[in-house]
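Read the structure below first, then the notes.
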There are 2 protein chains.
Amino acid sequence: MTNNLDTFFGAMSDPTRRAVIERLVTGPAPVSELHAPHDIALPTFLRHLKVLEDSGLVRSEKKGRVRTVHIEAAPLAVAEDWLQNQRLIWEGRIDRLAALAEQIERTAP
Amino acid sequence: MTNNLDTFFGAMSDPTRRAVIERLVTGPAPVSELHAPHDIALPTFLRHLKVLEDSGLVRSEKKGRVRTVHIEAAPLAVAEDWLQNQRLIWEGRIDRLAALAEQIERTAP
DNA sequence: AAGATTGTTAGTCATATGGCTAAGTAATGT
DNA sequence: ACATTACTTAGCCATATGACTAACAATCTT
């Protein structure tokens with residue numbers, strides 16, 4: 001499997017798509033409503049939605065002629081965890097450096 | 001300003017670049033060491049580094065013939081915050097739904 | 001000084017990405 | 001039935017992205 005994070009970060013690297021996510025965390029919406037604030041052609045917008053759906057960030061169901069889109073929050077959490085992890089490792093390193101500095105302080109005051 | 005998150009997420013959407021970040025959170029390293037584990041040509045790898053540097057995730061200094069690269073953790077934190085924010089909004093919505101359900105329960109038991 | 005290391009620059013190539021228009025389909029409103 | 005709404009599909013275009021080789025430059029090492 002080509003890492004999940006690939007498609008996630010790829011999906012989030014576009015402002016239109018991030019805006020859609022920002023909208024969807026407040027609740028599901030039909031395609032037309034999601035499209036409205038964006039000044040791009042509908043087909044172009046639909047392909048952004050497809051990217052989001054392919055990345056697993058979003059799902060949709062069609063009822064009648066309306067397709068309703070909703071967010072799938074899990075991938076957000078996965079990415080958040082990854083970032084947090086990196087930060088913790090990095091901070092741990094800082095802590096280690098601080099500890100080392102302190103140790104040097106004690107050894108050679 | 002074209003959102004900071006654009007270049008950040010774009011930078012993180014590539015596995016090679018994420019691997020570099022994962023390595024760099026444990027401490028700075030010269031280009032050659034960063035390149036070693038990756039089975040791609042050096043020039044190709046250098047362009048990945050440039051993407052990371054352009055996105056502000058990484059900086060580097062050259063001393064003699066060795067260029068040492070180190071991470072800039074702030075962008076990681078910014079992205080983590082953004083994701084956390086989205087999650088909180090989403091969870092807030094869940095809470096509101098739960099509250100609504102509870103309210104309905106009480107109204108019509 | 002000669003050779004090995006460690007990048008760097010330049011140029012090519014294939015594919016992916018983000019945008020468009022035009023035309024089509026399936027529901028729904030009148 | 002007909003028009004309108006709400007997507008869908010198909011196809012085109014320009015630019016960006018990720019990979020390569022070849023050749024160059026600047027340090028060490030010996």
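The chains referred to below are lettered A, B, ... by the order of the sequence lines, with proteins before strands, and numbering in each begins at 1. All values derive from a computational prediction rather than experimental measurement.
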* Below 4.5 Å, heavy atoms only, C-beta onward: do B:R17 and B:M12 meet side chain to side chain? -> no

* To do: May I have the distance from B:F45 (atom CZ) to D:dT17 (atom P), rounded to whole angstrom?
  => 18 Å

* To do: Give a yes or no on whether the backbone of B:S60 and the side-chain of B:E53 come within a donor-acceptor separation of less than 3.5 Å.
  => yes

* Structure fact -> Ordered by number, residues from residues 48-67 of chain A within less than 4.0 Å of DNA chain C (heavy atoms) are A:H48, A:G64, A:R65

* Separation of A:R47 atom CZ from D:dC13 atom P, in whole Å? -> 15 Å

* To do: Round to a whole Å and report the spacing from NE2 of A:H35 to P of D:dT8.
  => 13 Å

* Distance-only donor-acceptor check, side chains A:R23 and A:T26, under 3.5 Å -> yes

* Asked: Rounding to a whole Å, what distance do you find between B:L46:CG and D:dC24:P?
  -> 18 Å

* To do: Could you label the plane-to-plane angle of the A:F45 and A:H38 rings as parallel, tilted or perpendicular, counting under 30° as parallel and over 60° as perpendicular?
  => parallel

* Map A:L42 and A:D14 onto DNA chain C by nearest heavy atom, then report which one ends up closer to the 5' terminus. => A:D14

* Check whether any side-chain heavy atom of B:I21 lies under 4.5 Å from a side-chain heavy atom of A:W82, and answer yes or no. => yes

* Less than 4.5 Å apart, any side-chain heavy atom of B:L57 and any of B:V51? -> no

* Asked: For the pair made of NE2 in A:H38 and C1' in C:dC20, what is the distance, rounded to whole Å?
  -> 18 Å

* So what does B:T44 touch, heavy atoms closer than 4.0 Å: a base, only the sugar-phosphate, or nothing? -> base

* Between B:S32 and C:dT5, does any side-chain N or O lie under 4.0 Å from OP1 or OP2? -> no

